[in-house]
S.K.: 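This structure is in structure tokens; I'll ask about it shortly.
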Number of protein chains: 2
Amino acid sequence: MDGPLNIGLLCFIVQRAMEDRVLADLAAAGYDDVTIAQGRVLARVDAKGTRLSDLAERARVTRQTATFMVDHLERAGYVRRVPDPSDARARLVVFAERGLAAQEVARRTEAVVQEEWTRHLGRRATARLHELLSRLREITDPYR
Amino acid sequence: MDGPLNIGLLCFIVQRAMEDRVLADLAAAGYDDVTIAQGRVLARVDAKGTRLSDLAERARVTRQTATFMVDHLERAGYVRRVPDPSDARARLVVFAERGLAAQEVARRTEAVVQEEWTRHLGRRATARLHELLSRLREITDPYR
DNA sequence: GACATTAGGCAGAGAATCGAATCAAGATAG
DNA sequence: CTATCTTGATTCGATTCTCTGCCTAATGTC
């Protein structure tokens, strides 16, 4: 850990910062029963619903782990499981009311944090950072 | 998870990619008894030795968790605990032989991966990315 | 229809994480 | 100097997370 940090490590720091901020705001807003691991899964549910396998891929955990997380999130009222009309084997994880409300809080915090970052780096630089990370994603994201 | 990904999420993807590559190479080289969590702590030990509290801060875990990780790493021969000459309360976590050898493998993989990334982004862009992330670190790293 | 594949779940074990309390060694104030 | 406060590390106990392996059901293929 001597010398300048590599890009992976720098990304760790930045990512954790965002995660911690969002989780703190969620807890402050009364959503204090969602853990980091659950939050990572919850954050990857999209509006039309997401298959469990896709959640697992996005959150970089096994299907079993995702099942476990969704179990908890479902019991806590954040999501529901509904049948996937396009495939009888699959089920879609969709937001429940509490999940939508929490998502709203998370979105707001993300915006605030991005705003802070933009103030620090400048608009142009922030846009450039986003672009570079997106390009890096092309070769680092195993799932599209 | 609809729409464009925020910088935090992009960082998650990049960071995990690096971590997975390093861990895979470590396992392939015979260091298959170190887990991701242990690796995160091990990667933050520096040459002159590092205090447990500092390891905990850098890896973003509690001191208890760091103690647990170092216990395992010590038992597996990656590190040793030695007294801190500057403070009798503290102990320094230093590399043992196996840890040094593993570090060498990890360093090599990091270099290879950074090389791949540089090939994809270009030299200038990669340097810019590193600079931007470093500047972002100024306000996202709670520990200096 | 037989066979492989894919989606999801169950069970069990092991790993990781934390909160609370403990202990020892500095640091500080009077 | 001793009483108190702070700091570094650890232990204990409980909870959460994560994986390997196996299983069922639905789909797709030949």
S.K.: Among D:dT10, D:dT18, C:dG9, which is the nearest nucleotide to the side chain of A:Leu52?
M.R.: C:dG9

S.K.: If you look at every strand shown and take non-hydrogen atoms under 4.0 Å, does B:Arg81 touch a base, only sugar-phosphate, or nothing?
M.R.: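 Sugar-phosphate: the residue B:Arg81, judged by heavy atoms under 4.0 Å, touches backbone atoms but no base.
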
S.K.: Identify whether the distance between the nearest side-chain nitrogen and carboxylate oxygen of B:Arg21 and B:Glu116 falls below 4.0 Å.
M.R.: yes

S.K.: Rounding to a whole Å, what distance do you find between A:Asp54:CG and C:dA7:C1'?
M.R.: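 Checked: the CG to C1' distance equals 10 Å.
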
S.K.: According to a strict under-4.0 Å criterion, is A:Thr67 in side-chain N/O contact with OP1 or OP2 of C:dG8?
M.R.: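 No, because none of the side-chain N or O atoms of A:Thr67 sits under 4.0 Å from OP1 or OP2 of C:dG8.
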
S.K.: Dump the intermediate steps for side chain to side chain contact (heavy atoms under 4.5 Å, CB included) on B:Asp25 and B:Tyr31, then the final yes or no.
M.R.: CA-CA 8 Å; B:Asp25 277 13; B:Tyr31 306 101; over 6 Å; no

S.K.: Salt bridge check: are A:Asp141 and B:Arg16 linked by an N-O gap of less than 4.0 Å?
M.R.: no

S.K.: Under the criterion salt bridge (charged side-chain N to carboxylate O under 4.0 Å, His left out), which of A:Arg89, A:Arg91, A:Arg51 is the partner of A:Asp84?
M.R.: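 Of the listed options, the one satisfying the test is A:Arg51.
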
S.K.: With a 4.0 Å cutoff (strictly under), does any side-chain N or O of B:Thr65 reach OP1 or OP2 of C:dC18?
M.R.: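 Checking B:Thr65 against C:dC18: at least one side-chain N or O falls below 4.0 Å of OP1 or OP2.
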
S.K.: Within the structure shown, what part of the strands sits under 4.0 Å from A:Ser53 by heavy-atom distance: base, sugar-phosphate, or nothing?
M.R.: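 A:Ser53: backbone/sugar contact only, no base atoms under 4.0 Å.
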
S.K.: Which nucleotide sits closest to the side chain of A:Ala90: C:dA15, C:dG8, D:dA9?
M.R.: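 Output: C:dG8.
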
S.K.: What is the separation between atom CG on B:Leu92 and atom C1' on D:dA9, rounded to the nearest whole Å?
M.R.: 13 Å

S.K.: Closest-nucleotide mapping onto DNA chain D: is A:Ser86 or A:Gln38 further toward the 5' terminus? I mean the 5' end.
M.R.: A:Gln38

S.K.: Distance check needed: C:dG14 C1' versus B:His72 NE2, whole Å only.
M.R.: 10 Å

S.K.: What integer distance in Å separates A:Leu73:CG from D:dC17:P?
M.R.: 9 Å

S.K.: Grab the CE-P distance between A:Met69 and C:dG8 for me, whole Å please.
M.R.: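 These atoms are roughly 17 Å apart.
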
S.K.: Just to confirm, is there a sub-4.0 Å distance from OP1 or OP2 of C:dC18 to any side-chain nitrogen or oxygen of B:Thr62?
M.R.: yes

S.K.: Please give, in whole Å, the distance from D:dC17 C1' to A:Arg63 CZ?
M.R.: 18 Å

S.K.: Determine the minimum heavy-atom distance between B:Tyr78 and B:Ala102, stating which atoms define it.
M.R.: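 Result for this residue pair: CE2-CB, 3.8 Å.
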
S.K.: If you only use heavy atoms from C-beta on, which nucleotide in D:dA26, D:dT10, C:dG8 is closest to the side chain of A:Asp87?
M.R.: D:dA26

S.K.: Of all the choices, D:dC17, D:dA9, C:dT17, which nucleotide is nearest to the side chain of B:Phe68 once you look at every atom?
M.R.: C:dT17

S.K.: Does OP1 or OP2 of C:dG9 have a side-chain N or O of A:Arg91 closer than 4.0 Å?
M.R.: yes

S.K.: What residue among B:Ile7, B:Leu136, B:Leu132 forms side chain to side chain contact (heavy atoms under 4.5 Å, CB included) with A:Thr126?
M.R.: B:Ile7

S.K.: Let me know the distance between CZ of A:Arg16 and C1' of C:dT17, rounded to the nearest Å.
M.R.: 11 Å

S.K.: Decide yes or no, distance alone: a donor-acceptor N/O pair under 3.5 angstrom between the base of C:dG8 and the side-chain of A:Gln64.
M.R.: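 Donor-acceptor pair under 3.5 Å: no.
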
S.K.: Using only modelled atom types and a 3.5 angstrom limit, is any donor from either the side chain of A:Arg89 or the base of C:dT6 paired with an acceptor on the other?
M.R.: yes

S.K.: Taking atom C1' of D:dT10 as reference, at what distance in whole Å does atom CZ of B:Arg51 sit?
M.R.: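 My rounded result for the distance is 16 Å.
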
